[in-house]
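Down below is the structure, laid out as structure tokens.
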Amino acid sequence: MDFAVEPMVLIAGTLLFASIVFSKLSDRFGIPTLLLFLTVGMLAGSEGIGGIAFESPQITRAVGTVALLLILFAGGLDTEWKSIKPVLAPGLVLSTVGVVMTALLLGAFASFILGSYSEIHIGRGGLAWLPALLLAAIVSSTDAAAVFGVFRTSEVQPPERIRYLLEFESGSNDPMAVLLTTAILGFMTQDEGIATYLALDLVLQLGLGAIIGWLLGFTGTLIVNYLKLSSEGLYPLLVLAIGLLTFGVTELTGGNGFLSVYVAGLVLRNGIVPRREAIISFHDGLSWLAQISMFIVLGLFVFPSRLPAVAIPSLVIALFLMFIARPISVTLCLLPFRQSREQIAFVSWVGLRGSVPIVLATFPATYGIEGADDIFNVVFFIVLTSVLIQGLSLIPCTRWLFPPHKKF
């Protein structure tokens with residue numbers, strides 16, 4: 001069987017080039033890069049000008065999984081301990097309790113709203129509470145770290161403490177959303193008590209993920225610091241190998257690999273002495289490549305003609321998430337830490353949904369869940385709504401809540 005690699009290389013190069021060039025629009029106009037990369041993928045897809053036929057949830061999930069582990073690993077490598085130490089406690093509460101609270105609030109509302117839409121086929125006999133909870137778990141994590149790309153070339157900045165809090169939350173809450181999603185999917189395909197299943201699975205995956213991530217990160221730090229390699233270019237690859245090994249070992253032992261690679265990256269970032277800047281720079285570029293590849297593949301997987309059928313209920317759910325579920329969970333989580341009203345309001349609003357929910361939305365199809373296509377379309381519409389409304393309003397919101405003449 002002949003396979004022409006040249007056209008594939010040409011297509012990949014064209015899409016990558018277009019994505020990077022379009023990313024300048026993010027710097028110039030404050031448009032989130034997620035929206036730009038997804039647009040490139042949708043334009044190249046079967047219903048776009050590119051006409052590339054692609055409809056494989058398995059490939060989409062595989063690409064998304066690899067991309068996410070690279071992005072989270074790079075996020076850990078780019079995080080200094082001294083910057084997150086003051087916000088560690090509220091950040092952990094937001095990334096765990098906050099995610100669960102958001103999922104429960106949104107799940108109850110989604111069950112109420114979508115139950116009357118016969119056009120949306122999720123679960124047996126309409127949208128039952130469990131598929132609604134699955135939908136809510138998929139969109140329960142934020143993508144705030146990507147949002148701060150908007151602030152790179154802007155003079156408008158949030159207070160440093162709030163920025164660190166949001167960056168830490170966004171890097172650490174994705175694993176919780178993955179845990180909730182996979183645990184609910186596991187229950188939907190098995191005969192087990194949901195409360196016991198969810199509780200034990202969450203504790204096991206979180207515990208193993210954190211412990212293995214720290215152990216392999218610490219071991220990797222010793223190796224990088226003391227191993228003398230013949231070429232400088234091998235050190236970033238050595239660190240990459242440590243990240244991949246961490247993910248694989250954690251997943252095989254029943255832990256959560258996404259949390260594990262983030263912890264390992266954090267330990268490596270604050271332990272590596274030689275060639276630190278070169279290693280971080282390499283993985284930053286690799287993270288961008290992973291993001292672009294993931295967003296383009298997700299854009300290819302989308303069929304825009306299927307979105308209007310889910311537009312109204314998805315819009316209502318997205319608005320509930322932005323204006324009710326996220327603010328309630330953030331307020332309850334941050335009240336014990338004596339945050340100001342402006343800070344709570346800003347953290348509530350910077351609850352941008354991004355790549356993780358779209359990737360998780362491909363999971364139900366690989367599990368054989370009924371109505372998986374509808375789940376993906378609803379999630380995709382929610383993410384687009386969040387990006388358009390919250391993403392485009394971030395700089396005006398920052399300017400309004402944190403005027404330069406006022407100290408926070």
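Values below: all heavy atoms of this structure, side chains included; hydrogens, waters and symmetry mates excluded.
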Check: Between Phe168 and Tyr262, what is the ring plane arrangement, given parallel below 30°, perpendicular above 60°, and tilted in between?
Finding: tilted

Notebook entry, point to check: Does Lys82 come within less than 4.0 Å of Glu160, counting only side-chain N to carboxylate O?
Noted result: no

Notebook entry, point to check: How about Pro90 and Leu165: do any of their side-chain heavy atoms sit closer than 4.5 Å?
Noted result: yes

Notebook entry, point to check: Can you name the nearest heavy-atom pair linking Met176 to Leu206, along with the distance?
Noted result: CE-CD1, 3.7 Å

Check: Are any non-hydrogen side-chain atoms of Phe376 and Ile358 less than 4.5 angstrom apart?
Finding: yes

Item checked: Pairwise side-chain contact, Leu106 with Arg326, heavy-atom cut-off 4.5 Å (strictly under) -> no

Notebook entry, point to check: Can any side-chain N or O of Asp284 pair as donor or acceptor with the backbone N or O of Ile280 at less than 3.5 Å?
Noted result: no

Next item on the list: Begin with the C-alpha distance, continue with both residues' side-chain angles, and end with the deciding distance and a verdict on ring-ring contact (aromatic ring centres under 6.0 Å, His included) for Phe402 and Phe346.
Entry: CA-CA 9 Å; Phe402 306 112; Phe346 188 75; 5.2 Å; yes

Checklist line | Residue pair Val347 / Leu166, side-chain heavy-atom distance below 4.5 Å | finding: yes

Checklist line | Residues Thr65, Phe247; criterion side chain to side chain contact (heavy atoms under 4.5 Å, CB included); working and verdict | finding: CA-CA 11 Å; Thr65 298; Phe247 182 86; 3.9 Å; yes

Notebook entry, point to check: Which heavy-atom pair separates Gly243 from Val261 by the least distance, and what is that distance?
Noted result: O-CG1, 3.5 Å

Next item on the list: Please work out which of the three classes, parallel, tilted or perpendicular, describes the rings of Trp349 and Phe323, given edges at 30° and 60°.
Entry: tilted

Next item on the list: Would you confirm whether Glu251, through its side chain, and Gly248, through its main-chain N or O, come within 3.5 Å as a donor-acceptor pair?
Entry: no

Notebook entry, point to check: Does the Arg276 side chain pair with the main chain of Gly271, one donor and one acceptor, at a distance under 3.5 Å?
Noted result: no

Margin query: Measuring only between side-chain heavy atoms, which start at C-beta, is Thr362 closer than 4.5 Å to Thr366?
Written below: no

Notebook entry, point to check: Can you name the closest pair of heavy atoms from Val330 and Ile344 and give their distance?
Noted result: CG1-O, 3.9 Å

Checklist line | Side-chain donor/acceptor of Ser314 to backbone N/O of Ala311, under 3.5 Å | finding: no

Check: Have Ser170 and Thr142 got a donor and an acceptor in their side chains that come within less than 3.5 Å?
Finding: no

Next item on the list: Measure from the side-chain N and O atoms of Thr246 to the backbone N and O of Ile242, and report whether any donor-acceptor pair falls under 3.5 Å.
Entry: yes

Next item on the list: Working to the nearest 0.5 Å, report the span between OG of Ser329 and CG of Leu104.
Entry: 10.5 Å

Next item on the list: Could you check Phe380 against Val310 for side chain to side chain contact (heavy atoms under 4.5 Å, CB included), going step by step and ending with a plain yes or no?
Entry: CA-CA 10 Å; Phe380 190 84; Val310 301; over 6 Å; no

Checklist line | Exercise: identify the closest heavy-atom pair between Phe258 and Leu69 | finding: CE2-N, 3.9 Å

Note to self: Do Phe73 and Leu286 make a side-chain contact, defined as non-hydrogen atoms from C-beta onward lying under 4.5 Å apart?
What the structure shows: no

Item checked: Pairing residues for Glu277 by the salt bridge (Lys or Arg N to Asp or Glu O under 4.0 Å) criterion, not counting sequence neighbours -> none

Next item on the list: Measure the acute angle between the ring planes of Trp214 and Phe218, then classify it against the limits of 30° and 60° as parallel, tilted or perpendicular.
Entry: parallel

Note to self: Within the 4.5 Å heavy-atom criterion, are Val87 and Ile162 side-chain neighbours or not?
What the structure shows: no

Check: For residues Thr250 and Asn256, is any side-chain donor paired with an opposing acceptor at under 3.5 Å?
Finding: no

Notebook entry, point to check: Short question: side chain of Ser293, backbone of Ala290 - any donor-acceptor pair under 3.5 Å?
Noted result: no

Check: Between the side chain of Arg353 and the main-chain N/O of Val139, is any donor-acceptor distance below 3.5 Å?
Finding: yes

Check: What closest approach, in Å, do Trp81 and Leu88 show between heavy atoms, and which atom pair accounts for it?
Finding: CH2-CD2, 3.6 Å

Check: So how far is it from Ser141 OG to Leu94 CG, rounded to the nearest 0.5 Å?
Finding: 13.0 Å

Item checked: Atom of Val99, atom of Ser95 and distance for their closest heavy-atom approach -> CG2-O, 3.5 Å

Next item on the list: Please answer whether the main-chain N or O of Phe381 pairs with a side-chain N or O of Thr385 as donor and acceptor at a distance below 3.5 Å.
Entry: yes

Next item on the list: Taking the side chain as every heavy atom from C-beta outward, state whether Leu135 and Ser111 have any pair of such atoms under 4.5 Å apart.
Entry: no

Check: Between the main-chain N or O of Leu92 and the side-chain N or O of Thr96, is there a donor-acceptor pair closer than 3.5 Å?
Finding: yes

Check: Which one of Leu240, Leu268, Ile272 satisfies the side-chain contact (heavy atoms from CB on, under 4.5 Å) criterion with Ile279?
Finding: Ile272

Check: Quick one: does Ser281's side chain have a donor or acceptor within less than 3.5 Å of a partner on Ala278's backbone?
Finding: no

Margin query: side chain to side chain contact (heavy atoms under 4.5 Å, CB included), that's the test. Do Val239 and Leu77 meet it? Break it down for me.
Written below: CA-CA 10 Å; Val239 173; Leu77 286 169; 4.2 Å; yes

Note to self: I'd like to check the ring pair (Phe, Tyr, Trp, His ring centres under 6.0 Å) partners of Phe282; sequence neighbours left out, ordered by chain and number.
What the structure shows: none

